[in-house]
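Quick caveat, the model's predicted, so the values are computed rather than measured.
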Amino acid sequence: MATKSADKGATTKPAFDFSDEMIQKAADLIAKQGYITRKDIPEMKDLDWAYGLGEAVDQHFVDETAGRYIYHENFDYAGGDIAAIIFDMDQVKTREDALELLGKVLGDKIIDGNLDEIEKNITN
């Protein structure tokens, strides 16, 4: 009998163990200012770690029935910096707003062009 092998192209995100205090700190900051970046939580320099934190914070708000739509995004900036932002879409309304906000907070220059053009150029 033949068996299926795992998809060789599949990748998995590493698992991280976030303390209740870390999740609460992130949730409190998001409730207060609408977002978090590596300026708030330096560990977010690790993009995989930031992704995991975004998932944990989203689950925190789901468990609390807080009704927040938490979104995680990585953005590229001029000079090659790639940075993460976790934000509440009720406070930071669009991905474009998140791109601009993160660039301002980190002091990074946004690559010329709108977000759709930038993504097209990166993926093609």
Within a 6.0 Å radius of atom CG on D63, are there more than 12 heavy atoms belonging to other residues, nucleotides or ligands? yes
As a quick check of understanding, evaluate side-chain contact (heavy atoms from CB on, under 4.5 Å) for Y71 and D58, giving each step before the final call. CA-CA 8 Å; Y71 198 80; D58 183 45; over 6 Å; no
Rounded at 0.5 Å granularity, tell me how far NE2 in H60 sits from CD in E55. 15.5 Å
Working note: V105 + L101, criterion side-chain contact (heavy atoms from CB on, under 4.5 Å); need CA distance, chi angles, decisive distance, verdict. CA-CA 6 Å; V105 168; L101 177 62; 4.1 Å; yes
Hey, could you give me the CG/CD1 distance between L53 and I70, rounded to the nearest 0.5 Å? 10.5 Å
Applying the ring-ring contact (aromatic ring centres under 6.0 Å, His included) test to H72, which of Y35, Y51, W49, F87 qualifies? Y51
Is any side-chain heavy atom of Q33 closer than 4.5 Å to a side-chain heavy atom of Q91? no
Give, for atom CD1 of I30 and atom CG of D88, the distance between the pair rounded to the nearest 0.5 Å. 7.5 Å
Applying side-chain contact (heavy atoms from CB on, under 4.5 Å), run through I85 and F75 and close with a yes or a no. CA-CA 8 Å; I85 186 169; F75 291 113; 3.9 Å; yes
Considering all heavy atoms of both residues, which atom of L106 and which atom of K39 are nearest to each other, and what is their separation? CD2-CG, 3.6 Å
Could you measure the distance from the CE atom of M89 to the OH atom of Y69? Nearest 0.5 Å is fine. 6.5 Å
Run the side-chain contact (heavy atoms from CB on, under 4.5 Å) check on D28 and Q24 step by step: do they pass? CA-CA 6 Å; D28 290 346; Q24 190 62 55; 2.7 Å; yes
Spacing of F18 atom CZ and K25 atom NZ [to the nearest 0.5 Å]: 13.5 Å
When rounded to the nearest 0.5 angstrom, what is the spacing between CG in D40 and NZ in K32? 9.5 Å
What is the minimum heavy-atom distance between A84 and M44, and which atoms define it? O-CE, 3.8 Å
Show the nearest heavy-atom pair for residues G103 and Y77, with the distance to one decimal. N-OH, 3.2 Å
Closest contact, heavy atoms only, G34 versus V92: O-CG2, 3.8 Å
Pairwise side-chain contact, L99 with I110, heavy-atom cut-off 4.5 Å (strictly under): yes
Under the salt bridge (Lys or Arg N to Asp or Glu O under 4.0 Å) rule, collect the residues that match up with D81, sequence neighbours excluded. R38
Qualifying residues under side-chain contact (heavy atoms from CB on, under 4.5 Å), relative to I82, sequence neighbours excluded: L47, N74, D76
Heavy-atom closest contact (I41 atom, A26 atom, distance): CD1-CB, 3.9 Å
